[in-house]
Amino acid sequence: MFNTPPFFWIMAIRILVGAQWGDEGKGKIVDLLSAETDYVVRYQGGANAGHTIKFDDKKIVLHLIPSGMFNGNSKCVIGNGVVIDPIALIDEISEVENLDVDLKDRLYISSSAHVILSYHKVLDQVKEKNRGSDAIGTTGRGIGPAYVSKVARIGIRVGDLLDLKTLEKSIQKNVKDINKALEHVYSEPTLDAKKILDELKPAIEQIKPYICNTTQLLHDAVENGESILLEGAQGSLLDVDHGTYPFVTSSSPTAGGACAGSGVPPLAITHALGISKAYSTRVGNGPYPTELHDTDGEKLRKNGAEFGATTGRPRRCGWLDLVALKYAVRLNGLNELALTKLDVLDDFKTIKVCTHYELDGEKTEVFPLDVEQLERVKPVYKSLKGWNTSSRNIESFDDLPELAKEYINYLEEYIGVSFNLISTGPKRNETIVR
Ligand code: IMP
């Protein structure tokens with residue numbers, strides 16, 4: 001089994017980010033790199049993420065637990081920047097344990113991470129319903145409202161779960177306010193604070209042993225020269241500051257968010273690895289210049305099994321957008337890239353890539369930050385010849401079909417960073433390391 005990529009070296013402190021709109025195949029790459037990593041750390045998002053890992057004929061979709069559980073013995077940390085739904089987390093803990101993984105001394109949960117309570121999920125869904133045609137298309141997992149509570153300084157942190165009396169008071173206070181909004185603003189049924197606490201109690205008991213000061217844990221790791229992989233969820237173009245606002249998630253999946261969401265200091269970071277598919281997808285609403293509404297789009301969805309790992313929603317599909325990818329490279333300071341799902345393009349006669357946009361009649365290679373402008377851009381494509389043969393099970397770059405190499409070389413030339421890893425299938429061994 002392939003599990004030690006030669007380009008990886010001990011002591012690296014690497015941020016791994018999605019370079020598109022999420023679903024780039026980050027789970028597989030984290031799993032691969034974790035064999036030689038001391039710590040794998042999730043730094044933002046919550047159970048909106050769905051990181052799929054396939055190994056030995058097994059498949060698991062992780063939402064909160066870092067993707068480093070199944071390859072090697074890395075310590076897996078849910079960092080302070082994550083918003084944690086304790087009920088979703090205990091389900092996931094059981095799933096991992098069912099695969100014969102012992103979480104003792106493997107899982108660490110930050111006491112400073114914020115908690116998603118059922119009222120956040122209710123608010124997420126009620127607000128989406130009320131947005132009507134302006135809906136963001138959220139996952140409904142309570143992510144936005146939980147980050148709102150955090151920033152409004154009324155959030156409940158994981159450490160607060162350990163003191164039931166104070167927890168009860170905080171929940172009562174928050175539910176009182178939320179009920180006013182539910183009743184008077186949204187005309188929705190109100191919530192019962194006691195019921196919320198009662199539902200939470202068994203989950204608290206189960207996650208208690210894993211709660212600790214992960215910031216200190218990671219500071220010690222940095223000082224001891226241990227290797228750390230900071231695992232981003234979602235993607236750069238869904239970043240609350242740098243993405244297609246307001247059609248974004250409520251956290252910072254970009255490299256900048258990794259330090260804030262983990263406590264690892266910026267100057268300790270040695271590598272920034274971006275993950276991009278060989279084409280593009282997006283789930284939820286918002287501008288997407290290279291989206292296809294034709295048979296090629298259908299074929300990408302079918303070949304790539306492009307359905308949400310968390311919600312099952314069909315993903316919107318389109319050609320690779322190099323303007324957007326280059327923006328992500330610059331935004332995250334990416335010095336490494338992984339290209340995933342190359343095999344999905346195996347049976348296309350022609351493959352297109354967007355090299356620039358036309359905005360109000362002018363050519364531009366700049367990714368507009370204003371969604372209305374982004375809605376108006378017309379993608380301009382370069383057509384490349386497809387290779388029309390399988391790329392699965394190919395072990396070295398040199399053995400790839402000539403036209404596939406040309407495709408990759410073209411992308412690298414445009415972006416200015418090379419693809420160290422090329423994934424040609426969902427399994428660990430279906431990865432070319434350069
Ligand atoms: P939220 O994160 O649930 O608030 O959803 C906000 C937007 O981010 C929606 O368009 C979601 O479809 C999208 N989103 C959230 N998590 C993921 C993910 O893990 N992959 C892809 N899109 C996501």
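Please read all numbers here as calculations on a predicted model, not as lab measurements. Counting convention: from 1, in listed order, for ligands and their atoms alike. The chain is numbered in sequence order, starting from 1.
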Ligand 1 contacted by S250 (non-hydrogen, < 4.0 Å): no
Under 3.5 Å side-chain donor-acceptor pair for R141 and T139: no
Among T138, D124, V283, V83, closest by any non-hydrogen atom to atom 5 (O) of ligand 1: T138
Atoms of ligand 1, numbered as shown, that sit under 4.0 Å from any heavy atom of G284: 10 (O), 12 (O)
Polar side chain donor-acceptor pair, T290 to Y279, under 3.5 angstrom: no
Sidechain N-carboxylate O distance under 4.0 Å for K201, D198: yes
Short side-chain donor-acceptor distance under 3.5 Å, D321 and Y288: no
Option of least heavy-atom distance to atom 12 (O) of ligand 1 (set: Q20, E24, R313): R313
Whether A233 lies under 4.0 Å from ligand 1, heavy atom: no
Atom pair SG (C212) and CG (L107), whose distance is rounded to the nearest 0.5 Å: 9.0 Å
Residue from E430, E24, E306 passing salt bridge (Lys or Arg N to Asp or Glu O under 4.0 Å) with K341: E306
Ligand 1 atoms in contact with L238 (distance to a heavy atom under 4.0 Å): 8 (O), 13 (C), 14 (N), 22 (N), 23 (C)
Nitrogen or oxygen of R141 less than 3.5 angstrom from that of ligand 1: no
Verdict with supporting geometry, D160 and R157, salt bridge (charged side-chain N to carboxylate O under 4.0 Å, His left out): CA-CA 5 Å; D160 300 332; R157 306 206 295 177; 5.1 Å; no
For atom 3 (O) of ligand 1, closest protein heavy-atom neighbour: T139 OG1, 2.6 Å
Numbering as shown, the atoms of ligand 1 that approach D23 to under 4.0 Å (heavy-atom distance): 20 (N), 21 (C)
Heavy-atom nearest neighbour in the protein, as seen from atom 2 (O) of ligand 1, with distance rounded to 0.1 Å: T249 OG1, 2.6 Å
Sidechain N-carboxylate O distance under 4.0 Å for D296, K352: no
Interfacing atoms of ligand 1 (cut-off 4.0 Å, heavy-atom, W21): 21 (C), 22 (N)
G137 neighbourhood, listing ligand 1 atoms whose heavy-atom distance to it stays under 4.0 Å: 9 (C), 10 (O), 11 (C), 12 (O)
D38-S227 side chain donor-acceptor pair, cut-off 3.5 Å: yes
V248: numbered ligand 1 atoms lying under 4.0 Å from its heavy atoms: 6 (C), 7 (C)
Minimum non-hydrogen distance to atom 15 (C) of ligand 1, winning option of H51, K26, Q234: Q234
